[in-house]
Amino acid sequence: MVAVNDIYLLRNIWYHAMPSHALKRGKMVAKTLLNEPILFGRTEQGKAFAIRDICPHRAVPLSCGRFDGTEVECCYHGWRFNENGQCTEIPSLMPEQQMDLSRFDVRNYEVKEVQGNVWVYIVDPANPQPPRFDIPRVPGFDDEVKPQVTYTMRFPCYLDHAVVGLMDPAHSPFVHRSWWWRGATLNDEIKWFDPSTYGFTMRKHRMGESMGYGYWLIGGVPDNEIIFYLPGVRTEETTTAKHRVVNLTTVTPLTDDQTDVTFQLYWDLPWGGLLKPILPTLIRSFLGQDRDVVIKQQEGLKHETVLRLIKDSDTLARWYYQLKKEYQRSQAEDREFVTPVKTQLLKWRA
């Protein structure tokens, strides 16, 4: 069983912030992540950065001000801050009024850009620690490659329900009934799973002919491997002898009841560009089906305090909750992370 009201968000870990194309040179983007107001910006030189989106003077959001491509200027009194959150100017000070401006620095966040995405490291203010794990990579592509397609949908729910819903291996015949994906027929699924660095892997396997119709576009029956990483990142690599398609899905908590799910596709298909006009519509429909059932779930959660999970189809959900608790404990106890996942053969119908 899992307690519904056991709500906590992991810190001292990397979160997906946004696709790189959403952050233009010389522009700012304000976001709330893990209930924290964060201002993202990109300098005229192209460097992405993130600082706390609150001016320490009168608490006006810095995103309400101006950005000249180098520094952010508060709209209230013109206080200025650079990309590192350092206060560089207080216009109201007289020349003879010397003051240590570093007293007014705002928090800055470590940011990395990899494979066309901006990632931000959210520290625990009460127990700040450096990153223990690197940013998850999309397998088979170098760091400079950008996704062919990107789509983000907001789920009105707590992070865990979005993550567990998206990784659930048994919901597809009931939630994703679409002519272009699959029908309602149930099939036996038997897969090996192994522990990963801070998650788990569905071992590479040859897909059966009962797979979703979309997989046939790659050409023939492909091999498939799925990897899940904390705090909510999933890669699905689908390959044939000639082609590779990888789906990167990231789940990012904004608040305790708002979560962004970003779905991206990377491929080496020479004719893949023909799909780009129609894929956003299909992705919106696919994610929308997951979102709709999560909305329905929120009604039931008002009256239920525990979730009763079963074997084997809910083992991935069990692992997620165990991984999350172990990560939190390892941080609090300042020790190495010890994965609770063991190599296992799981069986279910879907």
Aromatic ring pairing Trp79/Phe81, orientation class (parallel under 30°, perpendicular over 60°, tilted between): tilted
Backbone N/O of Lys347 and side chain of Asp312: donor-acceptor pair under 3.5 Å: yes
Asp143 bridged to Arg137 by N-O distance under 4.0 Å: yes
Donor on one side chain, acceptor on other, Asp260 and Thr152, under 3.5 Å: no
Closest non-hydrogen atom pair between Pro169 and Trp348, with its separation: O-NE1, 3.3 Å
Least distance between heavy atoms, Asp168 atom then Ser313 atom: OD1-O, 4.2 Å
Side-chain (Asn84) to main-chain (Gln86) donor-acceptor, under 3.5 angstrom: no
Within 6.0 angstrom of Gln97 CD, more than 12 heavy atoms from elsewhere: yes
Aromatic ring pairing His57/His77, orientation class (parallel under 30°, perpendicular over 60°, tilted between): perpendicular
Salt bridge Lys296-Glu299, side-chain N to carboxylate O under 4.0 Å: no
Trp271 and His243 aromatic ring geometry - parallel, tilted or perpendicular at 30°/60° bounds: perpendicular
Pairs touching residues 31-50 that satisfy side-chain hydrogen bond (donor to acceptor under 3.5 Å, both in side chains), sequence neighbours left out: Arg11-Glu36, Asn35-Asp256, Glu36-Arg107, Glu36-Tyr109, Arg42-Glu113, Lys47-Glu83
Criterion side-chain contact (heavy atoms from CB on, under 4.5 Å) on Phe133 and Trp14, from CA distance to verdict: CA-CA 8 Å; Phe133 307 113; Trp14 290 99; 5.8 Å; no
Exercise: identify the closest heavy-atom pair between Tyr266 and Lys146: CE2-C, 3.7 Å
Side chain to side chain donor-acceptor pair (under 3.5 Å) between Asp124 and Gln129, intermediate numbers included: CA-CA 8 Å; Asp124 181 354; Gln129 297 186 23; over 6 Å; no
Close aromatic pair by centroid cut-off 6.0 Å: Phe200 and Phe228: yes
CG on Leu307 to CG on Asp314, rounded to 0.5 Å: 9.5 Å
Distance, nearest 0.5 Å, that separates OG1 of Thr262 from CZ of Arg154: 9.5 Å
Shortest non-hydrogen contact from Tyr15 toward Leu10: OH-O, 2.6 Å
Main-chain N/O of Ile51 paired with Asn108 side-chain donor or acceptor, under 3.5 Å: no
Side-chain donor or acceptor of Ser20 paired with backbone N/O of Gly116 under 3.5 Å: yes
Identified side-chain contact (heavy atoms from CB on, under 4.5 Å) partner of Val149 from the options Ile283, Leu275, Leu282: Ile283
Donor-acceptor contact below 3.5 Å, side chain Glu326 vs main chain Val338: yes
Ion pair check, Asp223 and Lys204, cut-off under 4.0 Å: no
Under 3.5 Å: donor-acceptor pair, side chain of Lys324, backbone of Tyr8: yes
Backbone N/O of Gln264 and side chain of Asn247: donor-acceptor pair under 3.5 Å: yes
Candidate pair Trp119 and Val233, rule side-chain contact (heavy atoms from CB on, under 4.5 Å), full reasoning: CA-CA 12 Å; Trp119 298 79; Val233 181; 4.0 Å; yes
Side chain to side chain donor-acceptor pair (under 3.5 Å) evaluation trace for Tyr320 with Asp160: CA-CA 9 Å; Tyr320 167 70; Asp160 287 0; 2.6 Å; yes
Those residues that, when tested against Gln98, pass side-chain hydrogen bond (donor to acceptor under 3.5 Å, both in side chains) (two or more places apart): none
Any donor-acceptor N/O pair, Asn12 side chain to Asn127 backbone, under 3.5 Å: yes
Working for side-chain contact (heavy atoms from CB on, under 4.5 Å), residues Ile226 and Phe193: CA-CA 9 Å; Ile226 297 175; Phe193 287 81; over 6 Å; no
Cys157 backbone acceptor or donor facing Thr259 side chain under 3.5 Å: yes
CA sep, side-chain torsions, deciding dist, call: Asp257, Gln298, side chain to side chain donor-acceptor pair (under 3.5 Å): CA-CA 10 Å; Asp257 60 2; Gln298 302 313 297; over 6 Å; no
Test side chain to side chain donor-acceptor pair (under 3.5 Å) applied to Asp290 and His171, step by step: CA-CA 9 Å; Asp290 284 310; His171 75 286; 3.1 Å; yes
No-hydrogen, no-angle side-chain donor-acceptor test under 3.5 Å, Thr88 and Glu71: yes
Min side-chain heavy-atom separation Pro156-Arg291 under 4.5 Å: yes
Arg132 backbone acceptor or donor facing Tyr198 side chain under 3.5 Å: no
